[in-house]
Visitor: 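So that we are looking at the same thing, I have put the structure below in structure tokens.
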Amino acid sequence: MIRRTFLTHALGVGGLALLPGWLRAQSMDHSMHDMAGMDHSMSTPLPQGLAATDALPRGAALGPLHRLSNQSSQPGLFKAELSAAPVQVELLPGQPTTFWAYNASIPGPLIEVNEGDRVEVRFINRLSQPSTVHWHGLPVPPEQDGNPHDPVPPGGERTYSFNLPKGSAGTYWYHPHPHGHTAEQAFRGLAAPFIVRASDDPLSGISERHLLLSDLKLNADGSIPDNDANDWMNGREGQFVLINGQHQPTLELHGPERWRLWNACSARYLRLNLGGHSFSLVGSDGGLLEQPQAMTEILLAPAERIEIIVQPGSEQRQFALTAEIYDRNKMGSVAAEQVITLARISLSAGQAVSLPTTLRSIADLGPASAHKRVVFSENMRMDNGQHQMDFLVNGKSFDMQRVDLTSKLGEVELWELVNDSHMDHPFHIHGCQFQVIEHELNGVKTPAPYRAWKDTINLRPRETIRVKMAQPFKGLRMFHCHILEHENQGMMGMLEVI
Ligand code: C2O
Ligand code: CU
Ligand code: CU
């Protein structure tokens, strides 16, 4: 069951056809909601100019994601139009916020297709900057993947088209990737979910719910500030974390649910906890795991996605979905990390659904015949009397004209990912999914606890992670840190597949 009541309500409020439903409805509900609550999030004083942490209403029922509707009636073809444009949303009463949004929706609309489908999206850029649409995690050819080399100029358009093969079912997203503007376009609102479904999904009988987590830094006057020096250094974190564009929504569960979660924040790590209630991890970035994994918390680094099953218990329970404290070793004098309340959950007592012991089989990629090494590092230097930070891959800053690594089409490779710095960095590579083999920290090697497909993996300071992958297409691929400020400042490299 995906709750539709909220959408109906939002659209019923009247005449603001292009505004995102949740945000609009929330601002309408502003005066009706009791602000008292058990909020223990971010009580530290905020930098001057930012909106207070209680400035956004909270507590409304979580609405479903907006959907991008399919204009094609041809089976196996998904065809739609997507525009990136500024849109005004009244979050703070009388102080409209200008977001940059896909089809006027925050977050952008969900694209939902089936394995085997062809996707054709006509993209229109109504921003004042070049943009692209990057299909994060999906196996699409490089020339369709929104590389910084293929910008769509302001006022321009292009059609992205690709086929999604059997085996690609999973939870993905799309966002801009233009040279030098990715971080800004994402934090101003351009990020959206993408789901590929399989016809033989063993969990298809369980009600599904979607939670796209994004970060919002908002000024008291309703504007979205530019990045400051601290944002550029540590990655941008705002004073609000939104779910499907809503602040601290309420979720009512009346039975087992399958949740898909996206960390679409620029830099925020989400150590998710369901009030200690245990859940089963069933999917990662690239679809289902082999076996469900029981857990009570999970760290979701920026750009990672998971699927979990939340089961009812023997008695009714109320708790918060929180992001617990996670220390990612930020630099400089930053506020102490705080627990963040993301949502309030009310769980009815009920019967748990029994999960299949095997969800699918994931074949080992087999022995690697090539080897690669990627080292993330930071370098502090003085520039005109100012401390300047460089974020580097293999000692170099990103250059669009330089190929850093070369792979052969289809060859199984072992990649050694090294974090030679004192801050966490999430590694991401375009156009393929990898299998984690092992982690190594302080000389201790830990094998991956289960086999899974991933396109993003966090590297702790001084950690090495070994992964295996094979490239499905020829052409140019980006790999980078998914703290978008770091990517923007050069922590990105280029792979050429020949
Ligand atoms: Cu989310 Cu270069 O990607
Ligand atoms: Cu990507
Ligand atoms: Cu980084």
Side-chain angles (χ1 to χ4, degrees), residues 107-108 131-142 144-150 160 162 170-183 185-187 190-194 212 214 227 231-237 262-269 285-286 300-305 328-331 374-379 389-393 397-398 400 417-434 453-461 463 469 471 473 476-495:
S131 193
T132 74
V133 184
H134 166 55
W135 311 98
H136 182 123
L138 286 164
V140 314
Q144 303 298 328
D145 204 17
N147 279 348
H149 308 76
D150 304 313
Y160 292 96
F162 44 90
T171 308
Y172 306 94
W173 58 307
Y174 59 97
H175 62 75
H177 226 296
H179 187 58
H181 300 294
T182 299
Q185 292 185 14
F187 78 65
L190 293 165
F194 194 119
L212 185 142
S214 62
N227 277 335
D231 296 331
W232 282 118
M233 175 114 68
N234 291 312
R236 179 187 179 99
E237 291 182 357
W262 288 258
N263 184 347
C265 300
S266 300
R268 189 183 290 282
Y269 282 59
D285 300 331
L300 210 56
E304 285 186 303
R305 291 89 60 206
R328 60 182 179 90
N329 280 40
K330 289 176 192 163
M331 289 181 283
V374 171
V375 182
F376 283 162
S377 68
E378 298 152 7
N379 179 44
M389 203 67 192
D390 290 325
F391 294 93
L392 308 170
V393 176
S397 187
F398 179 65
M400 280 232 279
L417 312 173
V418 182
N419 182 354
D420 186 22
S421 82
H422 54 266
M423 188 170 18
D424 285 44
H425 297 283
F427 169 90
H428 165 58
I429 183 160
H430 290 192
C432 70
Q433 297 283 325
F434 51 79
W453 290 115
K454 298 278 300 158
D455 58 55
T456 307
I457 184 100
N458 187 49
L459 291 157
R460 302 277 295 133
E463 186 179 28
M469 61 180 116
Q471 297 301 326
F473 292 98
L476 285 180
R477 293 294 189 193
M478 311 295 121
F479 54 93
H480 57 89
C481 171
H482 218 290
I483 289 180
L484 292 175
E485 282 70 29
H486 296 171
E487 177 270 349
N488 230 148
Q489 290 172 99
M491 202 175 243
M492 176 153 70
M494 220 151 52
L495 172 74

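All of these numbers come straight from a predicted model, not from anything done at the bench. As the structure lists them, so they are numbered: ligands from 1, and atoms in each ligand from 1.
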Visitor: So, D285 side chain and E304 main chain: donor-acceptor pair closer than 3.5 Å or not?
Guide: no

Visitor: Tell me whether atom 2 (Cu) of ligand 1 has H136 as a neighbour, meaning an N, O or S atom of it below 2.8 Å.
Guide: no

Visitor: With D424 as reference, evaluate R328, R460, R268 under the salt bridge (charged side-chain N to carboxylate O under 4.0 Å, His left out) test and give the passing residue.
Guide: R460

Visitor: Taking the N/O/S atoms of H425 one by one, which is nearest to the Cu ion (ligand 3)?
Guide: ND1

Visitor: Quick check: of its N, O or S atoms, which one does H430 have closest to atom 2 (Cu) of ligand 1?
Guide: NE2

Visitor: For N329 and H422, indicate whether the former's side chain and the latter's backbone hold a donor-acceptor pair under 3.5 Å.
Guide: yes

Visitor: Is any side-chain heavy atom of T182 less than 4.5 Å from a side-chain heavy atom of P176?
Guide: no

Visitor: Using 2.8 Å as the threshold, say whether any N, O or S atom from H480 sits that close to atom 2 (Cu) of ligand 1.
Guide: yes

Visitor: Is the side chain of W135 donor-acceptor paired with the backbone N or O of Y172 at a distance under 3.5 Å, no angle test?
Guide: no

Visitor: Specify whether an N/O/S atom of H175 falls short of 2.8 Å from atom 1 (Cu) of ligand 1.
Guide: yes

Visitor: What's the spacing between S421 OG and H486 NE2 if we round to 0.5 Å?
Guide: 8.5 Å

Visitor: N/O/S of H482 less than 2.8 Å from the Cu ion (ligand 3)?
Guide: no

Visitor: Round to 10° and report the angle made at the Cu ion (ligand 3) by ND1 of H486 and SG of C481.
Guide: 130°

